Amino acid sequence: MINTVDAKHNLHSGIFHPVLRQWQSPNVEITVNNLMYPIFISDEQDAKEAIASMPGVFRYGINHVRKLLQPLVSKGLQSILLFGVSKHLKKDHIGSNADSVQNPIIQTVPLIRQWFPNLLIACDVCLCPYTIHGHCGILNEDGSINNKASIERISEVALAYAKVGAQIVAPSDMMDGRIGAIKKKLIETGLVNKVAVLSYAVKFASGFYGPFRDASQSAPKFGDRKCYQLPPGSNGLAARAAARDVSEGADMLMVKPGLPYLDVVRQTKDAHPEYPMFVYQVSGEYAMLYHGAQNGAINLKNVLNEVLLSMRRAGADCIITYFTPLILDMLQPKSKC
Ligand code: PBG
């Protein structure tokens with residue numbers, strides 16, 4: 001029988017004080033460095049439009065962006081991830097408006113660079129908000145993905161965002177070969193040392209993206225994304241996808257969604273410890289916590305803190321989360337959360 005109070009088996013003596021507890025969790029603190037804030041930028045310049053499936057999250061027109069960011073930057077916000085939303089722009093088969101002069105990302109990035117010179121700007125790169133079929137690449141006649149055309153177009157769009165001042169381009173389309181294609185364009189144009197590539201390397205075909213597709217109005221019109229996003233049970237493909245993107249020149253890796261895939265976060269971080277590891281707490285994870293708290297099942301701040309710590313414990317260096325404004329408040333010295 002183990003004597004629970006003998007010196008070696010007693011764990012309580014190491015955690016009775018907050019500082020002791022911090023020492024027992026040395027690498028899992030949450031700071032402003034560990035957060036990236038995703039923002040939906042609409043082509044409707046004066047819009048501040050609530051998103052029904054993501055209470056508390058809005059689509060912002062360019063005229064609201066400065067007001068939105070100012071208080072967050074003063075609380076320490078360091079990086080943002082921008083998604084374009086096309087309400088009025090025409091959609092077509094190749095996503096022409098992903099990088100046209102009317103595109104909200106193309107218009108907004110230079111202004112944000114001017115307003116907040118120290119804020120690091122990442123841009124999601126995908127065709128789905130701009131294609132008529134809502135798929136992330138260019139399709140053949142039979143509805144299958146045309147890989148060559150897709151990665152050519154995706155890399156064109158990434159380059160356009162880089163040219164207007166994005167410091168990170170983050171392709172979320174999951175087409176084979178897109179990291180290499182983007183890097184090639186960045187090298188050819190001499191932008192390679194000014195723009196980092198954050199690969200959504202390990203992106204699963206997930207039901208947790210539901211609210212996002214409402215937010216960015218990018219749901220596929222037919223079929224699904226199972227042919228280009230990873231099957232949820234597959235850690236083998238997850239490992240191969242990360243290794244491939246590393247070999248094509250990715251600067252940072254991401255696993256997405258977060259909470260249901262923390263084993264994959266750990267696996268990816270262990271396989272590529274020299275690459276910053278990102279975890280995306282996606283729209284469905286946001287909605288789940290929001291509604292759970294709203295209905296009195298959980299305490300939002302407690303559970304959010306626990307989830308963020310679990311992501312850090314699994315190996316995440318940076319967490320992309322819609323809760324960033326709340327977390328910044330939680331991190332302010334006065335509120336002892
Ligand atoms: C689009 C894209 C999606 C998300 C980020 N980029 C949706 C999808 O792949 O279906 C999901 C983000 C979220 O759910 O918060 N390529």
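The figures here come from the full heavy-atom set of this structure, side chains too, leaving out hydrogens, waters and symmetry mates. Treat the numbers as computed from the prediction; the structure is a model and nothing was measured. Order of appearance sets the numbers: ligands from 1, and atoms from 1 within every ligand.
- The distance from ligand 1 to the heavy atoms of D124 drops below 4.0 Å at these ligand atoms: 6 (N).
- Every atom of ligand 1 is numbered from 1 in the order shown, and the set under 4.0 Å from a heavy atom of Y280 is 12 (C), 15 (O).
- D43 and S86 share no donor-acceptor pair across their side chains, judged by distance under 3.5 Å alone.
- In this structure, E152 does not pair ionically with K148, as no charged nitrogen and carboxylate oxygen lie closer than 4.0 Å.
- Residue pairs that meet the side chain to side chain donor-acceptor pair (under 3.5 Å) test with at least one member in residues 94-106, sequence neighbours left out, are D92-S96, N97-S100, D99-R153, N103-Y130.
- Both the backbone and the side chain of S172 come within 4.0 Å of ligand 1, judged by heavy-atom distances.
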Which donor-acceptor pairs under 3.5 Å do side chains of residues 61-69 form with protein atoms, sequence neighbours excluded?
| unit_1 | atom_1 | unit_2 | atom_2 | d |
| --- | --- | --- | --- | --- |
| N63 | ND2 | D46 | OD1 | 2.7 |
| H64 | NE2 | D46 | O | 3.1 |

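- We find that R59 and E44 are not joined by a salt bridge, their nearest charged nitrogen and carboxylate oxygen being 4.0 Å or further apart.
- Interface of K203 with ligand 1, defined as ligand atoms under 4.0 Å from a residue heavy atom, comprises 1 (C), 2 (C), 3 (C), 6 (N), 8 (C), 9 (O), 16 (N).
- Summary of contacts: the protein heavy atom closest to atom 12 (C) of ligand 1 is F212 CD1, 3.2 Å.
- The aromatic ring centroids of F40 and F58 lie 6.0 Å or more from each other.
- With a 4.0 Å cut-off on non-hydrogen atoms, C126 touches ligand 1 through its side chain and not its backbone.
- Looking at Y286 against ligand 1, nothing comes within 4.0 Å, counting heavy atoms.
- Residue E274 qualifies as enclosed at atom CD: its count of foreign heavy atoms under 6.0 Å is above 12.
- E285 does not count as a contact of ligand 1, since none of its heavy atoms falls under 4.0 Å from the ligand.
- Judged by distance alone, the side chains of N146 and S150 never bring a donor and an acceptor atom under 3.5 Å apart.
- Two rings, from F212 and F83, have their centers less than 6.0 Å apart.
- For ligand 1, the atoms lying closer than 4.0 Å to a non-hydrogen atom of F83 are 5 (C), 6 (N).
- Atom 14 (O) of ligand 1 has its closest protein heavy atom at S283 OG, 2.7 Å.
- The atoms of ligand 1 that sit less than 4.0 Å from any heavy atom of R225 are 7 (C), 8 (C), 9 (O), 10 (O).
- Remark: the S155 side chain and the K185 side chain contain an N/O donor-acceptor pair separated by less than 3.5 Å.
- Neither the backbone nor the side chain of D173 has any atom closer than 4.0 Å to an atom of ligand 1 (non-hydrogen atoms only).
- When each atom of ligand 1 is checked for a heavy atom of K256 under 4.0 Å away, the hits are 2 (C), 3 (C), 4 (C), 5 (C), 6 (N), 11 (C), 12 (C).
- Remark: ligand 1 atoms within the under-4.0 Å shell around heavy atoms of Y322 are 12 (C), 13 (C), 15 (O).
- With ligand atoms numbered from 1 in the order given, ligand 1 contributes 8 (C), 10 (O) to contacts under 4.0 Å with heavy atoms of R213.
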